[in-house]
Structures are given as structure tokens and as C-alpha cells.
Amino acid sequence: MNKFAVFGNPIAHSLSPTIHQMFARQHNLTISYEKIGPEEADFERSLHVFFAASDAIGCNVTSPFKGRALQQADTLNNAAKLARAVNTLHRTDTGQLQGYNTDGIGLVADIHNQGITLANKKVLLIGAGGAARGAIHPLLDEGINTLAITNRTMSRAEQIASEVSHPAFMALDKPGLMSFDADIIINTTSASLHNQLPDLQHISFVKCELAYDMAYSNEATLYMERANQEGAAQSADGLGMLVEQAAAAFTIWTGKVPQTGPVIDALRQR
Ligand code: NDP
């Protein structure tokens, strides 16, 4: 039986096994997908043990091991290179370990799920951590008009702008934000995980057609609530992104494209 897994610590909460088993059922595949939560020092050894099995095809990697997974990959996709983080490893028939970051692909797919197009839009990323980095290439690839990034620690956003060096991409500080009317505003910070808000004082939601929070929970996040109050036409959390990034990984591993809608609906009802 083909073996898959997700590595992270903590990992008990992970929805990945449920999501991938639903995808597998759609395609009449029988797979094993386990949660592996190594101690900090033990990640590389436990990854090696997993891939020592001849039927191990691939794994997902989540916090805090995404950066170390990158070091283990023989090849990297562009999003993984910029994110400096790998969330999907795939062992090919020749034994090569390919590293991908599918988070940004998942984000773009879930923005489309909301009925929103990205071409020619002005998009703002709040936050400059690994999740923001992973989103940049997939968003630029959609032909957006402008992609701006801002962050509590501005130097991190500026560092990313200098690395990306793309005419449509820029870092914006507080004065710059006041004249940037974004169509789509994405909270990539981890603030929602602590029931907090990033500083939104200089950001206008009046022309915003979608306020997206990469975090997800049973109820609307504080960010979604605030954005709605300040005029955003609609808001969404990151559950769909989670399912879509998993779908991209599933396709890399199996060559099959799962249907994500029924899986997102099933998880919402849990
Ligand atoms: P990182 O730790 O790499 O980055 C965290 C970012 O959040 C930094 O920009 C940090 O700013 C900012 N931040 C943290 N707390 C606050 C705060 N109170 N106010 C303002 N800014 C704050 O995390 P990741 O980029 O890996 O993940 C970020 C979020 O994205 C998490 O909520 C994670 O769960 C979510 N995520 C969701 C996915 C999905 O599939 N839905 C996939 C991947 C991530 P500073 O630089 O100033 O410290």
C-alpha cells in the first residue's frame, strides 16, 4: 500500500490524514497516511526512517520543520525557494526527493473558489513570514496588477521585495498603505492564532472585494470580522487553502486531481 505522512510538532490536531483519505476514496485508492510528530532534534532521522520504506511516496511537512525539509530536498520548485520552506516532499521513481511549497497554489485556488478573479487586481499581503513568501510567485503568476506586502517588522517585507525584484511587487510602509486601495487583502500573519489582529490602522477595506485570512477556525476570525465592519464585500478563512494545498500535493504524488469542494464542505460540518 502506498504510504504518505505529515510531519510536524505538535501534530495531533492535523486534518491532513482526513483530507488525503477523502481524496484517495474519490479515486478508489487505498493509502496509508500517518501523523508523525518527532522531537525537535529527531526530524531528519524520522524522515529518513519514513522514506526507507519502499512504498513511501511522499509526505507533507508543517511547523516547525518546513525549513529543515527544504534542506533534505534534491530539487525545489520556485515557491519553495522563495519561501525557504517545503510543505510537500515527493520521492520519484529514480529515488530523487523533490521539494515543493504548495501553500500559495492552495491560496490562489481558494481565492478562485470564492468567485474572485486575480488578473489585473491590486493585492495586499499583511505579514512577511513563510506563508507570505510562499504566496508571492503563485499570485504574480496570475497576472495581478500590483502585489504589495507590509509587515509589523517592515525590514522583513523590504527584504522580500529586494529578493523578488519584480515590477509588480513592492513593500509598503504605513504612509504607502494609505494610498493603496487593494481589491484583495490577505492576512498572512499568525495573529489570528492568538485571537489578535495585526495593525490595520492604515489599511482601507472600502474597495476590498475579498478579505482573506490564512488562519481558520470554527467561527469568523477577528480579522474577518474587522474587515467586514470596515467595508470588505466578503471574507474567507484559510480552511479552503488548507484543502487546496493538500490537493496540489495529492496531484504531485498520484497524478490525480481530487475534488476539493466536497472535502471543504465536510470539514466545515465537523
Ligand atoms: P511565520 O512565523 O513565518 O510568520 C508570522 C508572521 O506573522 C510574521 O510576519 C509576523 O510579523 C506576523 N505576526 C505574528 N503575530 C503578529 C501580530 N500580533 N501582529 C502583527 N503581525 C504578527 O508564520 P507563517 O508565515 O508560517 O504562518 C502564518 C499564518 O499562516 C499562520 O496563521 C498559519 O497557520 C497560516 N497558514 C495557513 C495555511 C493554510 O493552509 N491555511 C498554510 C500555511 C500557513 P513579524 O515579522 O513582525 O514578527
Side-chain angles (χ1 to χ4, degrees), residues 6-11 13-16 18-20 60-70 79-80 82-88 100-114 124-139 148-161 163 171-174 177 185-203 210-218 220-224 226-227 235-250 260 263-264 267-268:
V6 56
F7 287 79
N9 190 353
I11 199 64
H13 65 285
S14 175
L15 294 171
S16 292
T18 308
I19 295 170
H20 283 282
N60 291 125
V61 182
T62 187
S63 183
F65 300 126
K66 288 182 179 182
R68 283 159 66 183
L70 177 116
L82 182 64
R84 299 187 191 132
V86 154
N87 75 341
T88 302
Y100 297 86
N101 189 307
T102 65
D103 286 337
I105 299 167
L107 170 70
V108 166
D110 198 40
I111 290 173
H112 289 147
N113 290 342
Q114 313 305 316
L124 174 64
L125 297 173
I126 308 170
R133 281 177 169 269
I136 291 166
H137 280 308
L139 286 169
I149 186 166
T150 192
N151 191 40
R152 178 175 63 182
T153 310
M154 238 355 253
S155 57
R156 292 183 78 191
E158 281 155 4
Q159 169 64 29
I160 297 176
E163 284 175 43
L172 285 184
D173 57 10
K174 287 176 182 171
L177 285 172
I185 305 178
I186 305 168
N187 180 19
T188 81
T189 74
S190 42
S192 297
L193 298 180
H194 313 289
N195 214 21
Q196 291 173 355
L197 275 176
D199 181 4
L200 301 175
Q201 238 187 327
H202 300 87
I203 297 173
L210 174 66
Y212 195 94
D213 197 339
M214 283 193 183
Y216 50 88
S217 81
N218 294 337
T221 65
L222 272 186
Y223 169 77
M224 291 163 66
R226 175 67 69 86
S235 61
D237 73 7
L239 184 70
M241 174 180 170
L242 177 79
V243 174
E244 294 289 354
Q245 64 76 30
F250 190 85
T260 50
V263 176
I264 296 171
L267 293 179
R268 285 262 178 242

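Counting starts at 1 for both ligands and their atoms, in listed order. In this chain, residues are counted from 1 in sequence order.
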Enquirer: Just to confirm my output: which protein heavy-atom neighbour is closest to atom 3 (O) of ligand 1, and how far is it?
Expert: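 So the nearest neighbour among protein heavy atoms is Gly130 N, 3.1 Å.
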Enquirer: Within a strict 4.5 Å, meaning less than it, do heavy atoms of the Thr62 and Asn87 side chains meet?
Expert: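 Side chain of Thr62 against side chain of Asn87, heavy atoms only: no contact under 4.5 Å found.
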Enquirer: Out of Leu200, Ile203, Thr221, which residue meets the side chain to side chain contact (heavy atoms under 4.5 Å, CB included) rule with Arg226?
Expert: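 Only one option passes, and that is Leu200.
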Enquirer: Under 4.0 Å from a heavy atom of Gly127: which atoms of ligand 1 are those, numbered in the order shown and with their elements?
Expert: 9 (O)
Enquirer: Does Ala132, backbone or side chain, put an N or O under 3.5 Å from an N or O of ligand 1?
Expert: no
Enquirer: Who gets closest to atom 8 (C) of ligand 1 by heavy atom: Met154, His194, Lys66, Arg156?
Expert: Arg156
Enquirer: For atom 29 (C) of ligand 1, find the nearest protein heavy atom and state the residue, atom name and distance (0.1 Å precision).
Expert: Thr188 O, 3.4 Å
Enquirer: Please work out which of Leu193, Thr150, Asp103 has its closest non-hydrogen atom nearest to atom 32 (O) of ligand 1.
Expert: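 The option holding the nearest heavy atom is Leu193.
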Enquirer: Can you tell me the protein heavy atom closest to atom 37 (C) of ligand 1 and the distance?
Expert: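 For atom 37 (C) of ligand 1, the nearest protein heavy atom comes out as Met214 O, 3.4 Å.
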Enquirer: Among all protein heavy atoms, pick the one closest to atom 38 (C) of ligand 1 and tell me residue, atom and distance.
Expert: Met241 CE, 3.9 Å
Enquirer: Less than 4.5 Å apart, side chain to side chain, heavy atoms only: is that true for Pro64 and Asn9?
Expert: yes
Enquirer: I need the single residue from Ile186, Thr189, Ile185, Asp237 that forms a side chain to side chain contact (heavy atoms under 4.5 Å, CB included) with Tyr223. Which is it?
Expert: Ile185
Enquirer: Would you mind checking which non-hydrogen protein atom is closest to atom 11 (O) of ligand 1, with the distance to 0.1 Å?
Expert: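 Checking every protein heavy atom, the shortest distance to atom 11 (O) of ligand 1 gives Asn151 OD1, 3.3 Å.
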Enquirer: Identify the closest protein heavy atom to atom 16 (C) of ligand 1: which residue and atom is it, and at what distance?
Expert: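 Scanning the protein heavy atoms, the shortest distance from atom 16 (C) of ligand 1 goes to Arg152 NH1, 3.4 Å.
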Enquirer: Tell me, do Lys66 and Leu70 make a side-chain contact under 4.5 Å, heavy atoms counted?
Expert: no
Enquirer: Could you walk me through whether Glu163 and Arg84 pass the side chain to side chain contact (heavy atoms under 4.5 Å, CB included) check?
Expert: CA-CA 12 Å; Glu163 284 175 43; Arg84 299 187 191 132; 2.8 Å; yes
Enquirer: Any idea which of Leu242, Ile186, Thr189 brings a heavy atom closest to atom 6 (C) of ligand 1?
Expert: Thr189
Enquirer: Could you give me the CA-CA distance, side-chain angles and deciding distance for Leu82 and Asn101, then say whether side chain to side chain contact (heavy atoms under 4.5 Å, CB included) is met?
Expert: CA-CA 9 Å; Leu82 182 64; Asn101 189 307; over 6 Å; no
Enquirer: For atom 18 (N) of ligand 1, decide whether some protein heavy-atom distance is shorter than 4.0 Å.
Expert: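 Yes, because at least one protein heavy atom sits under 4.0 Å from atom 18 (N) of ligand 1.
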Enquirer: List every atom of ligand 1 that sits less than 4.0 Å from any heavy atom of Gln196, numbering the atoms from 1 in the order shown and giving each element.
Expert: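 So the answer, numbered in order with elements, is 18 (N).
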Enquirer: For atom 4 (O) of ligand 1, find the nearest protein heavy atom and state the residue, atom name and distance (0.1 Å precision).
Expert: Gly129 CA, 3.4 Å
Enquirer: Evaluate Lys174 against Asp199 for side chain to side chain contact (heavy atoms under 4.5 Å, CB included), listing each step before the verdict.
Expert: CA-CA 10 Å; Lys174 287 176 182 171; Asp199 181 4; 3.5 Å; yes
Enquirer: Using heavy-atom distances, let me know which of Ala131, Ser190, Ala246, Ala191 sits nearest atom 24 (P) of ligand 1.
Expert: Ala131
Enquirer: If you measure from each heavy atom of Ala128 to ligand 1, is any distance below 4.0 Å?
Expert: yes
Enquirer: Within the 4.0 Å heavy-atom shell around Pro198, which atoms of ligand 1 are there?
Expert: 19 (N), 20 (C)
Enquirer: Look up atom CZ in Arg133 and atom CG in Asp103, then write down how far apart they are to the nearest 0.5 Å.
Expert: 14.0 Å
Enquirer: Could you tell me if the side chain of Asp110 sits less than 4.5 Å from the side chain of Asn113, heavy atoms only?
Expert: yes
Enquirer: Let me confirm one number: the CE-CD1 distance from Met241 to Ile105, rounded to the nearest 0.5 Å.
Expert: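 Reported value, rounded in 0.5 Å steps: 10.5 Å.
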Enquirer: Among protein heavy atoms, which sits nearest to atom 47 (O) of ligand 1, and what does the distance come to when rounded to 0.1 Å?
Expert: Thr153 OG1, 2.5 Å
